[in-house]
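Shown next, in structure tokens, is the structure this report addresses.
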Number of protein chains: 2
Amino acid sequence: MDSDVAEYLRQLRMKVTPKRLAIIDILKKESGYLSPEEIWRRMKKRFARIGLPTVYRNLEELANGKVIYRITHPNRQLYYFYCGNSVHHHHFVCVACRAVNDIEYCAIGDLQEEVRRKLSGRVVSHLLQVNGLCRNCLKKNYKGTWR
Amino acid sequence: MDSDVAEYLRQLRMKVTPKRLAIIDILKKESGYLSPEEIWRRMKKRFARIGLPTVYRNLEELANGKVIYRITHPNRQLYYFYCGNSVHHHHFVCVACRAVNDIEYCAIGDLQEEVRRKLSGRVVSHLLQVNGLCRNCLKKNYKGTWR
DNA sequence: GCTCAAATAAAAATCGTTTCTATTTAATCA
DNA sequence: TGATTAAATAGAAACGATTTTTATTTGAGC
Ligand SMILES: [Mn+2]
Ligand SMILES: [Mn+2]
Ligand SMILES: [Zn+2]
Ligand SMILES: [Zn+2]
């Protein structure tokens, strides 16, 4: 359970430090995305000394290693969430409660096809994020602006 | 040609100022996206006095009015481009030369369907951007990192 | 032309993020 | 185990893209 993560970190040639594990644990327990500062606040409950730059650095490294992911937020600040799903997929983000859920559908095949046929170009990466209101926030009739 | 823009600005209740028109004109003439500072540099060739905050403010307001659009860049800074296509579509962005081309294909119907069926949620917006190398940069064998 | 809200210039501030440097720690191996 | 060493960290400082502020100018309506 936690040893998967440790093993995965070793594969990435990253040291298995208590703070790294804690950051992953915090994100695992959260259903939605968090900002570096929010993660830092939670870290301060677990560690007497923990610097904000450490949180930033680890978040970036973990995202590089695909242990965690970023969402694209209209305020253009950084937000991260944990996702253990290793097959290609995208995300449905609740703009009210910040919950992140997997979306299986991806039309990259058709997109590549159109780029090749009409533009003679080559697709290198793509970004698909679906935003909206999750089941719960829909029930609560949340007036949806981004959080 | 330029009066379309003026008319459209009036519809948006925005004053038709020379600087606003110049910003749109600069973006229209560009095949790719530009940063606020790059637009400012071009503006300084046309106006003796032009402040960077004016450029920022106008870019945001024009984007709100859908006269221009943003791209999502990995460095999380602001970039804008002009697009006159008024039907729903997405963009293919060349990471080498910054060219932006329209993509017609959009699977929003299927995505909404999946969100409703599997998550009982409601889609409010979606973000689809395809990145890669355009025809020309492919020819030049450009080693593609983002610009 | 006159009026007034909107737009602007210029300077300053903001603040999320990154960099720097000395210190600590995890991993390796004797 | 203890020594070694590169990676990780704390804390302070810097950074810089973007935003705010205030006085001045300008476009639109009459
Ligand atoms: Mn996922
Ligand atoms: Mn377009
Ligand atoms: Zn995909
Ligand atoms: Zn779409």
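Computation of the quantities below employed the complete heavy-atom set of this structure, encompassing side-chain atoms and omitting hydrogens, waters and symmetry-equivalent molecules. The chains referred to below are lettered A, B, ... by the order of the sequence lines, with proteins before strands, and numbering in each begins at 1.
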Under a criterion of less than 4.0 angstrom to any heavy atom of chain A, what are the 5'-terminal and 3'-terminal contacting nucleotides of DNA chain C?
C:dG16 to C:dA27
Please determine whether side-chain contact (heavy atoms from CB on, under 4.5 Å) holds for the pair A:L59 and A:L27, giving the CA-CA distance in whole Å, both sets of side-chain angles, and the decisive distance to 0.1 Å.
CA-CA 10 Å; A:L59 288 171; A:L27 285 174; 4.1 Å; yes
Whole Å only: how far is the [atom1] atom of [X] from the [atom2] atom of [N]?
X     : N      : atom1 : atom2 : result
B:Q77 : D:dC15 : CD    : P     : 16 Å
B:N75 : D:dA17 : CG    : P     : 10 Å
B:E37 : D:dC15 : CD    : P     : 17 Å

Which atom pair, heavy atoms only, marks the closest approach of [X] to [Y]?
X     : Y     : answer
A:I23 : A:V55 : CD1-CA, 4.2 Å
B:G51 : B:W40 : C-NE1, 3.6 Å
B:Y8  : B:G65 : OH-O, 3.0 Å

Donor-acceptor contacts, no H, no angles, side chain residues 11-19 of chain A, under 3.5 Å, sequence neighbours left out:
unit_1, atom_1, unit_2, atom_2, d
A:T17, OG1, A:R20, N, 3.1
A:K19, NZ, A:R49, O, 2.9

Identify, with sequence neighbours excluded, every residue that meets side-chain contact (heavy atoms from CB on, under 4.5 Å) alongside [X].
X     : answer
A:R76 : B:L78
B:F81 : B:Y33, B:Y69, B:I71, B:C83, B:H91, B:V100
B:K29 : B:D25, B:R46

Those residues at least two apart in sequence (or on a different chain) that pass side-chain hydrogen bond (donor to acceptor under 3.5 Å, both in side chains) with B:R70 are B:Y80
For B:R41, which residues count as a side-chain hydrogen bond (donor to acceptor under 3.5 Å, both in side chains) partner, sequence neighbours excluded?
none
Please encode protein proximity along nucleotides 24-30 of chain D as a string of B, S and -, counting only heavy-atom distances under 4.0 Å.
--BBS--
For the helix from C:dG1-D:dC30 to C:dA30-D:dT1, what is the angle between the axes at its two ends, each from 5 pairs, rounded to 10°?
50°
Can you list, in residue-number order, the parts of residues 48-64 of chain B that come under 4.0 Å of DNA chain C, counting heavy atoms only?
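Those residues are B:R49, B:I50, B:G51, B:P53, B:T54, B:R57, B:N58.
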Is any side-chain heavy atom of A:R98 closer than 4.5 Å to one of A:E30?
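Counting from C-beta outward, A:E30 and A:R98 never come under 4.5 Å.
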Can you give me every donor-acceptor pair (side chain of residues 138-147 of chain A, partner residue at least two apart or in another chain, under 3.5 Å) with its distance?
unit_1, atom_1, unit_2, atom_2, d
A:R147, NH1, A:A96, O, 2.9

Per-pair distances, 0.1 Å, donor-acceptor, side chain in residues 107-127 of chain A, under 3.5 Å, sequence neighbours excluded:
unit_1, atom_1, unit_2, atom_2, d
A:D110, OD2, B:Y105, OH, 3.2
A:E113, OE1, A:R116, NH2, 2.3
A:E114, OE1, B:Y105, N, 3.0
A:E114, OE2, B:E104, N, 2.8
A:K118, NZ, B:E104, OE1, 3.4
A:K118, NZ, B:E104, OE2, 3.4
A:S120, OG, B:R135, NH1, 3.0
A:S125, OG, B:N131, ND2, 3.1
A:H126, NE2, A:H88, NE2, 3.2
A:H126, NE2, A:H90, NE2, 3.1

By nearest-heavy-atom nucleotide on DNA chain C, the more 5' of B:R76 and B:K19 is B:K19
